[in-house]
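Every chain is numbered from 1 and lettered A, B, ... according to where its sequence line falls, protein lines coming before strand lines. In what follows, every heavy atom counts, from backbone to side chain, and hydrogens, waters and symmetry copies are set aside.
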There are 2 protein chains.
Amino acid sequence: MPSVEATNEQIDLLREARRQWEEHWGEEPAPAMAAVTTLMRAQQILMGHLNDLLAPFDLTFARYEVLMLLYFTREGALPLGKIGQRLQVHPTSVTSLIDRLERDGYVERVAHPSDRRTTLARLTVAGRNTAGQATKILNEDKFGMGSLPPESHEELVLLLDRIRETGGDAVSP
Amino acid sequence: MPSVEATNEQIDLLREARRQWEEHWGEEPAPAMAAVTTLMRAQQILMGHLNDLLAPFDLTFARYEVLMLLYFTREGALPLGKIGQRLQVHPTSVTSLIDRLERDGYVERVAHPSDRRTTLARLTVAGRNTAGQATKILNEDKFGMGSLPPESHEELVLLLDRIRETGGDAVSP
DNA sequence: GTCAGATAGTAGGGCATCCGAGCTTTTCTG
DNA sequence: CAGAAAAGCTCGGATGCCCTACTATCTGAC
């Protein structure tokens with residue numbers, strides 16, 4: 001899922017949008033609108049970059065997150081529902097993600113020992129190896145955040161955590 | 001496209017991931033990883049919230065952006081390709097977005113006066129009215145950014161612009 | 001103990017996004 | 001000016017995300 005090629009237009013369209021906003025609706029709502037559009041665009045760029053880095057492993061960032069969640073779990077196995085809760089994605093999305101991870105041999109579905117409703121996703125050896133290698137690549141690339149110093153990363157987290165709170169995410173201080 | 005219901009777990013899973021990261025790979029890559037995961041989650045929450053606000057208009061945020069781009073354009077019409085460049089989405093995505101906007105009567109495809117390869121998307125009266133109403137709702141809601149003061153919006157933009165630059169976005173100072 | 005309600009996972013449908021391929025039309029080159 | 005190259009749009013396929021059912025299973029109330 002590579003990102004769209006850079007068009008490098010001379011004017012910055014997000015700044016232009018903000019100018020229009022102030023012109024039509026005044027100064028008050030413009031900062032929020034600018035922040036949102038900038039956030040969306042930054043996310044799009046980052047996601048594209050990360051997916052480019054992960055493509056050699058036949059992974060996307062969504063599937064990488066599942067792998068890492070299992071990687072950090074004792075036994076390397078978790079019920080599908082638990083995965084959805086942890087990553088905050090819909091149960092049907094988890095089914096789909098696990099389908100593809102299983103297809104590529106990174107996880108396998110295992111029956112729950114006591115609850116026959118539950119299916120466990122268990123990391124395979126290949127999955128664990130790939131997770132480690134992919135993480136090495138991402139860490140070396142600083143997750144595409146190399147243009148910002150570590151202090152800025154902290155700033156960013158503090159600001160974005162406020163947004164996360166409004167979505168019901170538990171953000172303990 | 002409503003967001004996932006809040007599960008309100010006691011521990012913050014993103015902070016937990018960061019702790020694991022520091023434990024396994026040291027302090028160095030952790031801030032970048034934390035910033036990226038937090039950004040992804042904040043975007044997901046914001047997008048879900050905005051889509052909830054726009055659902056009564058039969059709009060998604062992606063389609064709303066198209067509408068506003070045309071809204072700010074003289075004549076209210078633009079070639080599909082131009083829309084893709086401005087919003088930084090793939091040409092095939094533009095086709096899909098315009099398909100749905102046209103289905104709902106918000107835009108219509110018009111032949112380009114001189115270039116027969118080109119198709120223009122032109123805002124209809126209904127599209128213009130809906131764009132205005134939707135904007136009123138979003139502005140009143142501060143685009144879901146009410147938890148942050150305007151100064152923080154500016155901070156956020158400055159930080160995220162650095163990320164945008166790495167993606168080839170023109171960010172003039 | 002039995003049956004209603006909650007839980008776990010999946011199938012099917014819709015939207016957004018990308019890519020590659022293909023068609024038409026325009027522009028450029030020799 | 002004719003053919004090659006580029007540009008503009010769309011189609012089909014893939015991934016990810018959501019929602020609404022639906023089935024199977026478990027739990028709890030009576």
Side-chain angles (χ1 to χ4, degrees), chain A residues 1-5 7 40-41 43-52 54-55 57-66 78-85 87-104 107 109-121 167, chain B residues 1-5 7 40-41 43-52 54-55 58-66 78-85 87-104 109-121 167:
Chain A
M1 227 166 286
S3 54
V4 172
E5 67 282 357
T7 46
M40 297 293 177
R41 180 76 186 119
Q43 187 269 349
Q44 183 186 16
I45 288 171
L46 263 181
M47 183 69 92
H49 179 64
L50 295 176
N51 282 333
D52 286 347
L54 291 171
F57 302 101
D58 283 315
L59 284 178
T60 61
F61 190 65
R63 297 204 285 263
Y64 171 76
E65 285 189 299
V66 174
L78 230 46
L80 299 208
K82 206 72 180 171
I83 294 174
Q85 286 174 22
L87 300 181
Q88 294 286 291
V89 294
H90 199 274
T92 54
S93 299
V94 178
T95 295
S96 165
L97 291 171
I98 297 297
D99 280 350
R100 305 186 205 296
L101 286 171
E102 194 169 28
R103 173 199 63 187
D104 292 337
V107 307
R109 282 182 165 87
V110 186
H112 189 283
S114 61
D115 188 339
R116 291 197 299 171
R117 292 171 303 179
T118 302
T119 303
L120 301 176
Chain B
M1 226 165 284
S3 52
V4 173
E5 67 284 356
T7 46
M40 297 295 177
R41 180 74 187 122
Q43 187 270 349
Q44 182 187 17
I45 288 170
L46 263 181
M47 183 70 91
H49 180 64
L50 295 176
N51 282 333
D52 286 347
L54 291 170
D58 283 314
L59 285 177
T60 61
F61 190 66
R63 297 205 287 262
Y64 171 76
E65 285 189 299
V66 175
L78 230 45
L80 298 208
K82 206 71 179 173
I83 294 175
Q85 286 175 23
L87 299 182
Q88 294 287 292
V89 294
H90 198 275
T92 53
S93 300
V94 179
T95 295
S96 165
L97 291 172
I98 297 297
D99 280 350
R100 303 185 206 297
L101 286 171
E102 195 170 27
R103 175 199 62 187
D104 292 339
R109 281 180 166 88
V110 185
H112 189 283
S114 60
D115 188 339
R116 289 196 300 171
R117 290 171 304 182
T118 303
T119 302
L120 301 177

Counting only side-chain N and O atoms of [X], is one of them less than 4.0 Å from OP1 or OP2 of [N]?
X: A/Ser96; N: D/dT15; result: no
X: A/Thr118; N: C/dA8; result: no
X: B/Arg103; N: C/dG14; result: no
X: B/Arg100; N: C/dA16; result: yes

Interatomic distance where [atom1] belongs to [X] and [atom2] belongs to [N] [whole Å]:
X: B/Asp99; N: C/dC15; atom1: CG; atom2: P; value: 11 Å
X: A/Leu54; N: D/dT15; atom1: CG; atom2: C1'; value: 14 Å
X: B/Met47; N: D/dC19; atom1: CE; atom2: C1'; value: 17 Å
X: A/Gln85; N: C/dA8; atom1: CD; atom2: C1'; value: 11 Å
X: A/Leu80; N: C/dT10; atom1: CG; atom2: C1'; value: 10 Å
X: B/Lys82; N: D/dC9; atom1: NZ; atom2: C1'; value: 16 Å
X: A/Leu87; N: D/dC18; atom1: CG; atom2: C1'; value: 16 Å
X: B/Gln44; N: C/dC15; atom1: CD; atom2: P; value: 20 Å

Legend entry - Candidates A/Thr60, A/Ile83, A/Leu87 - the one meeting side chain to side chain contact (heavy atoms under 4.5 Å, CB included) with A/Glu65: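 The single option meeting the side chain to side chain contact (heavy atoms under 4.5 Å, CB included) with A/Glu65 is A/Leu87.
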The criterion is side chain to side chain donor-acceptor pair (under 3.5 Å); which residues satisfy it with [X], sequence neighbours excluded?
X: B/Thr119; result: none
X: B/Asp58; result: none
X: A/Arg116; result: none
X: A/Asp104; result: none

Inset, instruction - Give the nucleotide from the list C/dC18, C/dC15, D/dC17 with an atom nearest to the side chain of B/Ser93. - result: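 Shortest atom-to-atom distance from the side chain points to C/dC18.
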Legend entry - Among C/dT10, D/dT10, C/dC15, the one nearest B/Arg63 by side-chain distance: C/dC15
Inset, instruction - Scan B/Thr119 against the nucleic acid and name what it touches under 4.0 Å (heavy atoms): base, sugar-phosphate only, or nothing. - result: sugar-phosphate
Inset, instruction - Mind checking side chain to side chain contact (heavy atoms under 4.5 Å, CB included) for A/Ser93 and listing every partner two or more places apart, or none if nothing turns up? - result: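 Partners of A/Ser93 by the side chain to side chain contact (heavy atoms under 4.5 Å, CB included) criterion, ordered by chain and then number, come out as A/Val89, A/His90.
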Inset, instruction - Starting at the 5' end of nucleotides 20-29 of chain C, put B wherever the base has a protein heavy atom under 4.0 Å, S where only the sugar-phosphate does, and a dash everywhere else. - result: B----BS---
Legend entry - pair B/Arg109-B/Asp99: side-chain heavy atoms closer than 4.5 Å: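 Side-chain contact under 4.5 Å: yes.
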